[in-house]
Amino acid sequence: TLSPLVPDFGGVIALVDLGYTLRRTRVSGNYNRDVTYSYDTIEPYYLQTDWSISVVQKITSTWDIVGRGGRYRLDYEMIAIPGATRRSDTGSRYGGGIGYTLGEFIRMGVDVNYMDRKSEADITRNYEGVRAGVSVTYGLKQR
């Protein structure tokens, strides 16, 4: 880092994304470990480690359902303050959805996901809730 108050990061970062399709079922997994900047000036960055898995099942040639889940950990790095302790937050996300494929290149989906986050050091950063959304995917041949 440019500031002598902010410790340098030393470690491994990785992004792994694997998938396998067997007939009408696609299973995919993701692992990500990377440094991300924080909005907090006392904790200028954190190491995010997360994994997730999803299963997509084709019901017909146009309809599919999807289930997903994952967990993550945020390990914050602090500036040099005597007596300060580092913070780690953890969270999870689970959900599912339904999708409809138009032609070969467009998929529309509706998803509902539960998400939570727990902080060891600051309970004001804890949350949990449900998110719902709509997505449109285009440009690649939809399986």
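Just so it is clear, the model here is predicted, and its values are computed rather than measured.
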- Item | Under-4.0 Å salt bridge between Asp111 and Arg68 | yes
- Is the shortest distance from a Lys or Arg side-chain nitrogen in Arg117 or Glu128 to a carboxylate oxygen in the other one below 4.0 Å?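 No, this pair does not count.
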- Rounded to the nearest 0.5 Å, how far apart are OH of Tyr94 and CE of Met115? 11.5 Å
- Query: Atom CG in Leu15, atom CG in Asn32: separation rounded to 0.5 Å?
  - Reply: 5.0 Å
- Check step by step if side chain to side chain contact (heavy atoms under 4.5 Å, CB included) holds for Tyr127 and Lys118. CA-CA 7 Å; Tyr127 67 83; Lys118 294 177 179 55; over 6 Å; no
Answer yes or no: does atom [atom1] of [X] have more than 12 heavy-atom neighbours from other residues, nucleotides or ligands under 6.0 Å?
| X | atom1 | result |
| --- | --- | --- |
| Leu22 | CG | yes |
| Arg131 | CZ | no |
| Ile42 | CD1 | no |

- Message: According to a hydrophobic-cluster definition based on side-chain heavy atoms being under 4.5 Å apart (Ile, Leu, Val, Met, Phe, Trp, Tyr only), do Val130 and Val134 belong together?
- Response: no
- Message: Are Ile106 and Val66 connected into the same hydrophobic cluster when the rule is that any two of I, L, V, M, F, W, Y join if their side-chain heavy atoms are below 4.5 Å apart?
- Response: no
If every non-hydrogen atom of [X] is compared with every non-hydrogen atom of [Y], which pair is closest and at what distance?
| X | Y | result |
| --- | --- | --- |
| Ser92 | Arg71 | CB-NH1, 3.3 Å |
| Pro44 | Val6 | CG-CG1, 3.8 Å |
| Pro7 | Ile79 | CD-CA, 4.4 Å |

Close side-chain approach of [X] to [Y], heavy-atom, < 4.5 Å:
| X | Y | value |
| --- | --- | --- |
| Ile13 | Gln48 | no |
| Glu43 | Glu77 | no |
| Asp50 | Asn30 | yes |
| Val27 | Ile53 | yes |

- Do any N or O atoms from the side chain of Thr25 and from the backbone of Gln57 form a donor-acceptor pair under 3.5 angstrom? no
- Message: Can a donor-acceptor pair be found, under 3.5 Å and without considering hydrogens, that links the side chain of Arg26 to the backbone of Ser54?
- Response: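 No, Arg26 side chain to Ser54 backbone: no donor-acceptor pair under 3.5 Å.
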- Message: Working note: Tyr100 + Trp63, criterion side chain to side chain contact (heavy atoms under 4.5 Å, CB included); need CA distance, chi angles, decisive distance, verdict.
- Response: CA-CA 5 Å; Tyr100 183 78; Trp63 289 96; 3.3 Å; yes
- Query: For Tyr46, which of Val35, Asp75, Asp40, Leu74 qualifies under side chain to side chain contact (heavy atoms under 4.5 Å, CB included)?
  - Reply: Leu74
- For Arg73 and Thr49, run side chain to side chain donor-acceptor pair (under 3.5 Å): C-alpha distance rounded to whole Å, both residues' side-chain angles, the deciding distance at 0.1 Å, then the answer. CA-CA 5 Å; Arg73 180 178 176 95; Thr49 305; over 6 Å; no
- Yes or no on side chain to side chain donor-acceptor pair (under 3.5 Å) for Ser119 and Asn126, after CA distance, side-chain angles and deciding distance? CA-CA 6 Å; Ser119 178; Asn126 293 350; 4.9 Å; no
- Residues that Phe9 engages under ring pair (Phe, Tyr, Trp, His ring centres under 6.0 Å), provided they are two or more places apart: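 Listed in chain order: nothing, the list is empty.
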- Message: With a 6.0 Å cut-off on the ring centroids, do Trp51 and Tyr31 count as close?
- Response: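 No, too far apart.
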- Query: Run the side chain to side chain contact (heavy atoms under 4.5 Å, CB included) check on Val56 and Ile65 step by step: do they pass?
  - Reply: CA-CA 6 Å; Val56 179; Ile65 58 173; over 6 Å; no
- Query: Regarding Arg87 and the six-membered ring of Tyr76, is the cationic atom NZ or CZ under 6.0 Å from the ring centre and inside 45° of its axis?
  - Reply: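 Verdict for Tyr76: a cation-pi partner in Arg87.
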- Applying side chain to side chain donor-acceptor pair (under 3.5 Å) between Arg107 and each of Thr101, Asp64, Thr137, report the one that passes.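 The passing option is Asp64.
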